[in-house]
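Both ligands and their constituent atoms are indexed starting at 1 by order of listing.
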Amino acid sequence: MRVLKFGGTSLADEVAIKKVLSIIKNRIKDEHIIVVTSALNGVTDQLYELNKLCSSNNAQYQDLLEALKERHYKIIDNLLKNIEHERATRQVKNTFIELENALSVKAYSPKDFKKKQDYVVGFGEKLSTQIITECLISLKINALYTDSSRLIKTDDNYGSAAIIENLTYKNIKQYYRENRNAVIIATGFISSTVDGIPTTLGRGGSDYTASLFGAAIQANAIEIWTDVDGLMTADPKKVESASLITRVSYESAKNMSFFGAKVIYPPTIEPAMRYDIPIYIKNTFRPSNPGTIIESNSNINYRKQYCISSFSNISLITFQSKDISQIENSMLKNIFFNDKLGITFVTHTKTNTDIKFAFSSRHQSLTKSKIDKLIRTDLSKIITKYVYHQNLSMVTIVHDNASALFHKTIVNYLSKTPKNMLESVMYDNNSKSLSIFSDKKHELQILNSTHHLVSSLPENIINSSIKNLYKNTIST
Ligand SMILES: Nc1ncnc2c1ncn2[C@@H]1O[C@H](COP(=O)(O)OP(=O)(O)O)[C@@H](O)[C@H]1O
Ligand SMILES: N[C@@H](CC(=O)OP(=O)(O)O)C(=O)O
């Protein structure tokens with residue numbers, strides 16, 4: 001049994017969907033499968049926009065809604081006929097009616113807004129999965145449309161809900177047992193609370209849905225089908241010379257995705273790792289290419305174990321203090337774990353005298369004012385110096401098997417980089433990553449030059465079993 005997940009990039013239009021159908025048809029010949037699908041490419045972003053426009057009574061939302069309908073009906077017209085065409089049209093029509101009802105709800109408080117938003121943005125997966133299911137039925141496959149939000153149970157942290165593991169696994173197992181003769185075609189990304197209120201698993205969350213299905217029924221493999229050849233040494237859309245990482249450990253992949261390798265959503269790794277289920281990342285448009293295998297450490301031969309990623313819109317704060325741990329605890333508790341501030345990423349590192357927090361937030365100014373307030377009140381006695389930068393880019397080299405020479409080469413490169421280009425450098429305390437902060441306008445240049453440098457190093461310099469090399473060798 002294996003789980004196949006197709007992302008929005010594999011569901012952009014009729015041509016892409018035909019490729020998806022052919023991959024599913026071929027896989028079914030060999031093994032029983034479960035399919036997890038995301039929304040059509042770009043639809044989730046449009047649903048967020050739709051909800052915003054509608055909430056602010058902006059009439060433009062009607063045009064956007066019409067465009068969404070047109071796109072889905074056109075795909076149905078081009079891919080289906082007869083009874084499957086009729087059924088898909090009816091289901092999609094009903095789903096749009098449900099979406100319009102959801103949009104008409106007034107959200108009076110911020111918590112209600114997020115609750116409504118989660119309901120609205122989850123419709124993309126329902127629409128695409130209804131269409132794919134009917135396409136598979138038209139190919140004589142016993143496909144069963146499955147709304148995963150009935151199986152995946154979470155808390156009510158709208159926008160990025162945490163799963164209730166035992167209940168979720170129990171629900172999936174039971175559903176799978178009851179529908180053994182069918183091919184389950186499940187919506188990615190969406191979930192619900194125990195009371196049935198819609199939630200989502202966070203942006204990119206369909207990968208996680210696939211992993212939860214895989215872990216619940218202890219699948220032989222999880223396949224993530226996308227528009228690139230696999231997990232690469234950098235985002236191939238930003239770095240032309242990026243190359244494929246053929247094998248990588250769960251731990252490294254988790255670290256790489258955490259620091260921006262968007263091809264896999266970070267929480268996806270954990271359930272697969274727990275049951276030692278390999279994750280394959282494959283290209284829908286070049287299915288015969290080998291792709292990447294993410295698996296347990298013991299099988300890895302440490303080739304190309306680095307990845308260079310970037311984030312834009314990062315804020316960085318550096319504190320100097322005699323009591324670093326007090327700042328750390330207070331910041332993490334009061335700021336970064338505070339839902340209202342919309343923190344989407346945070347990492348921090350400390351030495352004996354200073355601590356740096358790098359983070360991105362949907363509400364930059366709100367976060368800054370909260371931090372300023374915390375410093376004026378709780379932390380004023382312990383902070384000796386404090387520097388706050390906003391709107392930075394962060395390029396991170398993730399590598400957990402670096403040689404001493406590798407490390408030295410990077411330090412040398414940084415020392416030659418013009419001072420006005422570099423804002424700061426941060427070493428992760430586990431010695432597995434190094435982040436370079438700069439003005440956003442330098443992001444692509446730093447990304448490409450760092451990638452060029454690392455990829456042109458001989459294999460024996462890139463890899464070594466020597467660990468803990470990054471610690472305390474450079475200060476900025
Ligand atoms: N290190 C990396 N390796 C491969 N792809 C990456 C990497 N970093 C970022 N990406 C981007 O991730 C994209 C795939 O993720 P995503 O857009 O979420 O696709 P999907 O819709 O298939 O889930 C690729 O198109 C690529 O641009
Ligand atoms: N559609 C959702 C969930 C998802 O995982 O999408 P994708 O597989 O296209 O990254 C999103 O855009 O966040």
Side-chain angles (χ1 to χ4, degrees), residues 4-12 16-17 19-20 23 35-49 117-118 120-129 148-149 152 159-161 186-191 199-212 223-246 248 252-268 279 281-286 289 291-292 294 304-312 344 395-399 447 450-451 454-455:
L4 275 64
K5 177 260 171 177
F6 294 91
T9 58
S10 302
L11 304 168
I17 294 177
K19 303 226 180 263
V20 168
I23 291 165
V35 175
V36 172
T37 39
S38 292
L40 306 185
N41 201 18
V43 165
T44 309
D45 287 339
Q46 288 172 321
L47 289 168
Y48 276 99
E49 183 61 22
Q117 179 172 267
D118 259 7
V120 168
V121 301
F123 277 92
E125 270 66 15
K126 294 183 187 176
L127 293 163
S128 61
T129 307
S148 310
S149 66
I152 299 178
S160 187
T187 53
F189 183 51
I190 57 175
S191 42
T199 53
T200 60
L201 300 173
R203 295 307 307 269
S206 299
D207 295 342
Y208 188 32
T209 307
S211 189
L212 292 173
E223 298 180 3
I224 306 290
W225 289 84
T226 184
D227 67 338
V228 290
D229 278 343
L231 179 58
M232 307 189 68
T233 53
D235 182 347
K237 289 176 185 153
K238 292 180 179 166
V239 178
E240 221 177 291
S241 57
S243 57
L244 184 70
I245 302 169
T246 49
V248 65
S252 291
K254 197 162 131 189
N255 221 7
M256 290 168 182
S257 70
F258 176 78
F259 282 105
K262 170 170 175 269
V263 70
I264 187 140
Y265 180 52
T268 309
I279 302 175
I281 304 181
K282 302 265 297 171
N283 191 338
T284 300
F285 305 95
R286 292 196 277 191
N289 281 10
T292 298
I294 304 172
K304 290 232 179 83
Q305 295 288 296
Y306 64 89
C307 179
I308 302 167
S309 308
S310 66
F311 280 125
S312 313
T344 51
V395 171
T396 303
I397 306 171
V398 176
H399 194 315
L447 189 58
T450 317
H451 186 267
V454 175
S455 59

Looking only at distances, can you tell me whether any N or O atom of [X], backbone or side chain, sits closer than 3.5 Å to an N or O atom of ligand 1?
X	value
M232	yes
K5	yes
S10	no

May I ask you to list the atoms of ligand 1 that are less than 4.0 angstrom from any heavy atom of [X]?
X	answer
A261	1 (N), 8 (N)
C307	1 (N)
T226	14 (C), 19 (O), 20 (P), 22 (O)
G230	3 (N), 4 (C)

ask   = Nearest heavy atom to atom 10 (N) of ligand 1: which of D235, T292, V398 does it belong to?
value =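 Considering heavy atoms of D235, T292, V398, the nearest to atom 10 (N) of ligand 1 sits in D235.
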Options N283, D227, I308, T9, ranked by nearest heavy atom to atom 13 (C) of ligand 1, top entry =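 Nearest option to atom 13 (C) of ligand 1, by heavy atoms: D227.
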Under 4.0 Å to a heavy atom of K5 - the qualifying atoms of ligand 2, by number =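 Those of ligand 2 that fall under 4.0 Å from K5 are 8 (O).
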message = If you define the side chain from C-beta out and look only at heavy atoms, does anything of I23 sit under 4.5 Å from T284?
response =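 They are in contact (side-chain heavy atoms under 4.5 Å apart), so the answer is yes.
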ask   = Considering only heavy atoms from C-beta outward, does the side chain of W225 approach that of L4 to under 4.5 Å?
value =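 Touching, per the 4.5 Å side-chain cut-off.
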task = Look at atom 25 (O) of ligand 1 and say which protein heavy atom is nearest, naming residue and atom and giving the distance to 0.1 Å.
result =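 Answer for atom 25 (O) of ligand 1: K237 NZ, 2.5 Å.
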ask   = Can you tell me which residue and heavy atom of the protein come closest to atom 4 (C) of ligand 2, and the distance to 0.1 Å?
value =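 For this ligand atom, the closest protein heavy atom is S206 OG, 3.4 Å.
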key: Region of A242 engaging ligand 1 - heavy atom pairs below 4.0 Å   =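 No part of A242 comes within reach of ligand 1.
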ask   = Do the ring planes of H451 and Y306 sit parallel (below 30°), tilted (30 to 60°) or perpendicular (above 60°)?
value =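 The rings of H451 and Y306 sit tilted, inter-plane angle from 30° to 60°.
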